[in-house]
Amino acid sequence: MRKFLVLLGIVLMFSTSAFAAKIPDDIRDYIDNKVPGTDVRFDGVIILPDNTVYLPLYPSLFSDVKKLSVKESFPAGKELNDKPDVIIFNNDFVMMKLLPAENGTKTVLHMPTPPLQVRTGLLPQDMLVPSGLVLPENIKGIVGNLKIDIKSEDVIKVNTKESFEEFLSETDPIGNQTLIPNLKNKTLFVTTNYSKNIQVLDPAKSTPKYALSQKSIPIDIKAVNKGKFLLVTSFERPFLDIISVADSRFIKQISLSAFPEEIVVDYENNKAYITAPRASTIFVVDLNTMSLVQKIKVNGYCEKLLLCGDKLFYVDKLKNDIWAIEVKNQYLLRNIGKFPNVSALAFAKNSLYISSRTKSRVAVVDYSTLSLAKEFTTVSKPISMLLWGENLYILGAQSNQIQKYNIANGKIIENIQLNDGGFSTGFNHILNTELAVITDIKKNTYTIFDLEKGKIIKTYTINVPLKDVIVTDSVKLFD
């Protein structure tokens, strides 16, 4: 019996270390010291700045060492910055470099007599397996419960012809459109109200190069971790889907026990907030581990979520109440007041800006006193607001205009006209730029707007009835 319990303990220890996919702190310190800027992905895969990829092998039990060092490498006498094919540390942790193989497949170094640490190590069991990975027969034991095959079943990439519905396939292609420098090395992810697929386009191209097949029409998508992953919520699906952009695959599905809708990303703290209006809940996902870490119970049917610093704001659609959540104050809820037909929120200098779609007005509320500080008329049917410095840009759907309002002096600077006869639906900042993208659902166009200069740069037409356009940095394929 005692032997059984000891064996069970070892197995549990083995399972815990394998499933956790957490790189030990001393290994992380070694990696950061030898190759600064290396990305240790949430599933344990190690990606150097030049896209050299290492797969981690966890020992069943780490050896206790006073100081971490390289015990053995192939070729011999190498450190990580030399990029050897295999590194074995004195605590028995192993790193194996991903190598190109025949017919476009990938593999790791074939060793006629693999060291014990390699033969008995185990890959993280939640690891995103590089597509086309083929392992040498004599180290198949490192696989565990992973399914490693040349053709992966979870690839969701479909070609252009398959990605269009019948009514889209008859759309005439649009001629060449000039690529502006601002969109070089960018990728567009486009959603529609008619298709389950997320269309993927090169900037200035009118026709998608391929699509990412989904199980339901997307509600919201956000790019995270430098554009490497997409977070997706879809109609009538109680999950947050996570897609690897590099190889067009579902890598994780987070069950939320409710129907999620809007996604707001806290890029500073690498978290995502996801609304579930019907459950009066906001979910918090840690983007480092891609796991659910918090459920915030709120009042009412939460929508139009806004994150600003340590505050979350939302509108209760059923009662027209606006609420604030003080994240660092134990998620304290504050009622801001009732406002009719709220279409968008913005927050700056302790003031909350609230646009009314039906009244075409913006109210300014002092957050400290919750009193109405100001109210002004804006563009017709405002649907979105975006703050940049001391300027508040307000997008009007019916007038298809952008109003530029200075929050410092409280004056309207100008109204900027967009497409004639269009109907704008979205106004989103392009991360790490001074640009925003404006979508027009009537004209099937997206416009690149300079927030610093307050002017239109260029408008592009797409062969898809677009709903939202997400612009991200292009992800270089490491596999």
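Hydrogens, waters and symmetry mates play no part in the numbers below; they use all other heavy atoms, side chains included.
With a 6.0 Å cutoff to the six-membered ring centre and a 45° limit on the axis angle, Arg334 counts as a cation-pi contact of Tyr367.
One finds a salt bridge joining Lys349 and Glu390 here, because a Lys/Arg side-chain nitrogen approaches an Asp/Glu carboxylate oxygen to under 4.0 Å. Under a 4.0 Å N-O distance rule, the pair Lys186/Asp473 qualifies as a salt bridge. Electrostatic pairing of Asp241 and Lys215 does not count as a salt bridge here, judged by no charged N lying under 4.0 Å from a carboxylate O. Salt bridge Lys228/Asp39: present, at least one basic N to carboxylate O contact under 4.0 Å.
A heavy-atom distance below 4.5 Å is not found between the side chains of Ile438 and Ser384.
Side-chain N or O atoms of Tyr460 include one that pairs as donor or acceptor with a backbone N or O of Thr178 at under 3.5 Å.
Side-chain contact check for Asp440 and Thr447: no donor-acceptor pair (N or O, by modelled atom type) lies under 3.5 Å.
Ring centers of Tyr314 and Tyr273: at least 6.0 Å apart, outside the cut-off.
Residue Tyr446 is tested with Asp468, Val471, Val469 for a side chain to side chain contact (heavy atoms under 4.5 Å, CB included); the sole match is Val469.
Nearest heavy atom pair, residue Cys302 against residue Thr281, reads SG-O, 3.8 Å. Closest heavy-atom contact between Ala279 and Lys297: O-NZ, 2.7 Å. The shortest heavy-atom contact between Ser255 and Phe239 is CA-CD2, 3.7 Å.
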Could you go through Glu326 and Asp310, starting from their C-alpha distance and side-chain angles, then the distance that decides it, and tell me whether this counts as side-chain contact (heavy atoms from CB on, under 4.5 Å)?
CA-CA 6 Å; Glu326 297 183 353; Asp310 60 355; over 6 Å; no
